[in-house]
Amino acid sequence: MTDSFLGGTYGACRAILEKRLREPAPGKIQLLTGPRQVGKTTLLLELAERLRPTALYAAADGPEAALPGFWERLWQRAEASAREHGSARVLVDEAHHLHRWAARLKGEWDRLRRQGLPVHVVATGSSALRLATGSSESLAGRFERIVLNHWTASALAAAFSFAPRKAAEILVRRGGYPGAVAFLEEPARWQAYVRDAIIEPAIGRDLLALGSIRRPALLRQLFAVCVDAPCQIVSLQKLQGRIRDPGALETITHYLRLLEEAYLVAALEKHSRAAVRRRAAPPKLLVLSNALLAATDPRGIPEPRSDPARFGAWIENACLAHAWNRGQRVTYWREEPFEVDAVIEGSWGRLAVEVKTGPFAEGELAGLLEFCRRERRYEPLVLTDETGLASARRAAVRAIPWREFLLAEEGP
């Protein structure tokens, strides 16, 4: 994610779209993308209800979309609404399921503009790649992209009336997919939901529908390796060695980018001012929702007392994913013998972050302090629990509880 990121939470995306749909029409086509099962369809239906009678909702993945004349009837209704009510809002859900969707949408949008009809258009899709490919090919200069990303702890607390502390712990242990909340007390059912409604459609449908996937077994194995190594720095050669069907390093790099575009895994670069060093350094694997860890790890969800190392890795993954999902640029830094868990840049400022769970000695912050000595623009920050706050204070480093960090929408 970068500073150009626009969107984020459900409420933020709703506010952006409501504002733009009330602007003078025709405006830019609004492309709403994001992970599966985060509420894009619910958002469109909510907008359709709020903007009646001028809003026209159409599900491109529904059975009616397969009927002859579906597309033509939709735009006939839009024209009729624009002439009768003075405006129309066309809301196309899962647009990429339509054959040649971008070219067809371009044709209709251009035709309506030529006629001067006041029609707004919103199109959604769970596959950022398929939407981006179509939009860059046919809709250049005609669209704006908004991302409805993984839910935050504060969004879970607000939507489901969880206590803030509990919402942060749910985000670490189960991720933030809102549709899975109903099954939190039924672990087997919850796991089946995440696998069947999120992981399998994202990998088995969205990504495999791309022509660039020549080795689907390799893609699945790479995803499995990534979720087995959250927040680990792993060279491409080691990734290749852990896959039973090894492919070329270029293919692995390409598939890592695809997993990021599907909002599943991000390969974090090393922080360096030299582009050559950034590209040559091994990536740090970040799983973009802890639900993917909980649904795939055969060992189950770690407990802080019985498995502190794995629990700490899950907390670190949740914190870094939170920053990434909120549109910050997240990298890591390592110069032996020093290392920093995350270097964060963006609207939150410039932060060098170390994640510590449980008691720790001040000497364990040597990497953080060394980085900030070299890079004075960055503020050191320790994310810890109550047992570690005193150690950070003795080292004169700002520290906040990791739960507080996960609940912050606009940065710590």
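Sequential numbering from 1 along the given sequence is applied to the chain's residues. Heavy-atom basis, side chains included; hydrogens, waters and symmetry copies ignored.
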Original post:
Does the side chain of Phe160 come within less than 4.5 Å of Ile170's, by heavy atoms?
Top reply: no
Original post:
With respect to Asp110, which candidate in Arg113, Lys106, Arg114 satisfies the side chain to side chain donor-acceptor pair (under 3.5 Å) definition?
Top reply: Lys106
Original post:
Is there a side-chain contact between Trp71 and Glu108 (heavy atoms, below 4.5 Å)?
Top reply: yes
**OP:** Check whether any side-chain heavy atom of Cys372 lies under 4.5 Å from a side-chain heavy atom of Glu379, and answer yes or no.
**Re:** no
Original post:
What is the ring orientation for Trp151 with Tyr10, classed by angle as parallel under 30°, tilted 30 to 60°, or perpendicular over 60°?
Top reply: tilted
**OP:** Please round to the nearest 0.5 Å and tell me the distance separating atom CZ of Arg326 and atom CD of Glu410.
**Re:** 5.5 Å
Original post:
Honestly, is Arg173 close enough over Trp314, meaning NZ or CZ under 6.0 Å from the six-membered ring centre and within 45° of the axis?
Top reply: no
Original post:
So, Thr124 versus Glu94: side-chain donor-acceptor pair below 3.5 Å or not?
Top reply: no
Original post:
Just by distance, with hydrogens left out, do Asn149 and Tyr263 show a side-chain donor and acceptor under 3.5 Å apart?
Top reply: no
Subject >> Backbone of Ala82 reached by a side-chain donor or acceptor of Glu84 within 3.5 Å >> reply: no
Subject >> Pairs satisfying side-chain hydrogen bond (donor to acceptor under 3.5 Å, both in side chains), at least one member in residues 289-301, at least two apart >> reply: Asn290-Asn317, Asp297-Arg299, Asp297-Arg310
Original post:
What about the rings of Tyr378 and Phe371, do their centers lie closer together than 6.0 Å?
Top reply: yes
**OP:** Using modelled atom types only, decide if a donor and an acceptor are shared between the side chain of Lys40 and the backbone of Pro35 within a distance under 3.5 Å.
**Re:** yes
**OP:** Sequence neighbours left out, what passes side chain to side chain donor-acceptor pair (under 3.5 Å) with Ser391? Give chain and number order.
**Re:** Arg394
Original post:
Does a side-chain heavy-atom distance below 4.5 Å link Glu144 with Leu31?
Top reply: no
Subject >> Result of checking Tyr193, Trp190, Tyr177 against Phe183 for ring-ring contact (aromatic ring centres under 6.0 Å, His included) >> reply: Tyr193
Original post:
How about Ile400 and Leu381: do any of their side-chain heavy atoms sit closer than 4.5 Å?
Top reply: yes
Original post:
If we ignore angles and hydrogens, is there a donor and acceptor under 3.5 Å between the side chains of Asp385 and Thr357?
Top reply: no
Original post:
Hey, are the side chains of Val353 and Val382 touching, using non-hydrogen atoms and a 4.5 Å cut-off?
Top reply: no
Original post:
Rounded to the nearest 0.5 Å, how far apart are CD1 of Ile252 and CG of Leu218?
Top reply: 6.0 Å
Original post:
Checking Thr384 side chain against Lys356 main chain: does a donor-acceptor pair fall under 3.5 Å?
Top reply: yes
Original post:
Can you list the residues that meet the side chain to side chain donor-acceptor pair (under 3.5 Å) rule with Tyr332, with sequence neighbours excluded?
Top reply: none
Original post:
Is it true that atom CZ of Arg52 has more than 12 heavy atoms of other residues, nucleotides or ligands lying nearer than 6.0 Å?
Top reply: no
**OP:** Return yes if some donor-acceptor pair links the side-chain N/O of Arg89 with the main-chain N/O of Leu21 below 3.5 Å, else return no.
**Re:** yes
Subject >> Reported CG-to-SG distance for the pair Leu148 and Cys13, which is rounded to 0.5 angstrom >> reply: 4.5 Å
Original post:
Do Arg398 and Pro412 have side-chain heavy atoms sitting under 4.5 Å apart?
Top reply: yes
Original post:
Between atom OG of Ser161 and atom CG of Leu156, what is the distance when rounded to the nearest 0.5 Å?
Top reply: 11.5 Å
**OP:** Go through the side-chain N and O atoms of Glu409 and Thr9 and say whether any donor and acceptor fall under 3.5 Å apart.
**Re:** no
